[in-house]
Amino acid sequence: MSDAYTTLTRRLADADPDIARLIDDEGRRQANTIRLIASENYVSQAVLDATGTLLTNKYSEGYAGKRYYEGQQVIDQIEELAIERAKAVFGVEHANVQPYSGSPANLAVYLAFAEPGDTVMGMSLPMGGHLTHGWSVSATGKWFNAIHYGVKRDTGTVDFDEVATLARTHRPKLIFCGGTAIPRTVDFAAFAEIAREVDALLVADIAHIAGLVAGGAHPSPVGHAEVISTTTHKTLRGPRGAMLMSTADRAKALDKAVFPGLQGGPHNHTTAAIAVALHEASTPDFSKYAHQIVANAKALASALTERGFDLVSGGTDNHLILIDLTSKDIGGKPAAKALDRAGIELNFNTVPFDTRKPFDPSGLRIGTAAVTTRGMTEADMTHIAGWMDDAVTAARAGKEEALDEIAAQISDFCAQYPIPGWSA
Ligand SMILES: Cc1ncc(COP(=O)(O)O)c(C=O)c1O
C-alpha cells in the first residue's frame, strides 16, 4: 500500500483491504502510465471528493421543488446550482444534469422527440459516430430507422454533400452531429442548415469536445443545435455522468424523457461533482487548459507524422488523433496491446473505410485531455511520439523486452506529473 494513501482510502483499507488494495493498484497503474485514451481524463481532487460523499445516500426522483421523496432541502440546492453553472458555462437556456451517462442521455433525446420506427440520422460508427447515433447493435439502431453519413475518402472530413442528399431523401426526424472518433472541428452551422431545410431536429453530441467548447477551444453548437448532449467525464473533466442542454422550448420534453421516461432517482453525488467540475470549467485556468489540450494534440500529431504515422484527415483540430496503421504493417489490436505493455494506454479503433474487422481494425485512437491535465506540454508530446514509434517497431519485431524497457522509462517520466487522488 502506498504511504500517501488518502485518509479516505485508509478507512477503506481497514474496512475492505481487498478492494482498497485493488484501488491502490489502479492508482499506481494510472500514475505510472501515459493515458492517451481520448475519452478519459483525471478529475481534480475536489471532483473526487464530491463523488465520494454521503449524497449517494439520498433518493430524489423528480426535479427541484417537485420531488417524490421528502428531505430534498439540500439536494434541490445542489441540483439547481449544477444547472445554473451548466447554463452559464455553455450559454444555454436549459440544462438537465440527471442523465446517468452519455448513452442514457442520448436515449432520452430519442424518447423526447421521436417515436419507435421513425427515421433518424447520425454519423456511422466506423466513420467516427457513436453507437447511440443509431448503430445497428444499439437499441437506437434496433428501434429506429437509422440512416448514416460518413466522411470523404480523400480528406477524412464529413461529407456534407452526402449529409444533405441523405437528409433530403430520408427526411429524418433527428440528425445527430458529433461523435466519438472525429479529429476535426464539427461544423455545427453546416449541419443546422441541412436540418432546417428538411425540418429535422439537430442534436449536437459534444461528449468528446465539451471541455474544449467550455474553454473556447472549439466552436459552440449553441445557436445551431436546439438540443445538446454531453458526457461530463471526457475533456470536461468531471465525474462519470452526462447532461442534456437545449433551447427553452425543448426543455419540458427533455426533462420528461429523462424522468420519468427513462430514469429513476438521480445520482446526487454525481450531480454535486458535476457542479464542482463546471465551477472549475468556468475559470480562466480551464480555458488555458482547453487550449493546451489542442496545442498538445497538434504537437503530437506533427511528431507522429514525422515518424511516418498516417493520420486520418492528416492531423487534428481538437484533442483527438486517429492513426491509420496500415503503412506500419501492424493491426490496431496488437499495436494497442504492445503499447499498453510499454506504458501507453490507448484504444484500437476502426478508421474510415477500414478493410479489417472491428475487433482488430487498422487504427488507434488517442487524445491529449488526460496528459494535459498532468501538466505535459508540446515538448513532452515529442517524447511520447518517440516511445509510440519505438513500441510499434518492437511489437512488429516481437521484442517484448524492449516494450518493458520503454515502460520503465515511461514510469520514471510520469513521476514528474502526479495525478490527483494517488501518490507513491
Ligand atoms: C460522442 C459520444 N456520445 C455518447 C457517449 C456515451 O457515453 P457513455 O459511455 O457515458 O454512455 C460517448 C462515449 O464514448 C461518446 O463518445
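Counting convention: from 1, in listed order, for ligands and their atoms alike.
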*Would you kindly say whether Arg356 and Thr326 are connected by a side-chain donor-acceptor distance under 3.5 Å?*
no
*Do Tyr110 and Phe176 have their ring centres less than 6.0 Å from each other?*
yes
_Residues which pass side-chain hydrogen bond (donor to acceptor under 3.5 Å, both in side chains) with His319, listed by chain and number, not counting sequence neighbours_ = His208
*Would you please indicate if the ring centroids of Tyr149 and Phe160 are separated by under 6.0 Å?*
no
*Residues two or more places apart in sequence or in another chain: which of them pass salt bridge (Lys or Arg N to Asp or Glu O under 4.0 Å) with Arg307?*
Asp389
*Please list, by chain and number, the protein residues whose heavy atoms come under 4.0 Å of ligand 1.*
Ser101, Gly102, Ser103, Asn106, His130, Gly179, Thr180, Asp205, Ala207, His208, Thr231, His233, Lys234
*Taking only residues two or more places apart in sequence or in another chain, which ones pass salt bridge (Lys or Arg N to Asp or Glu O under 4.0 Å) with Lys142?*
none
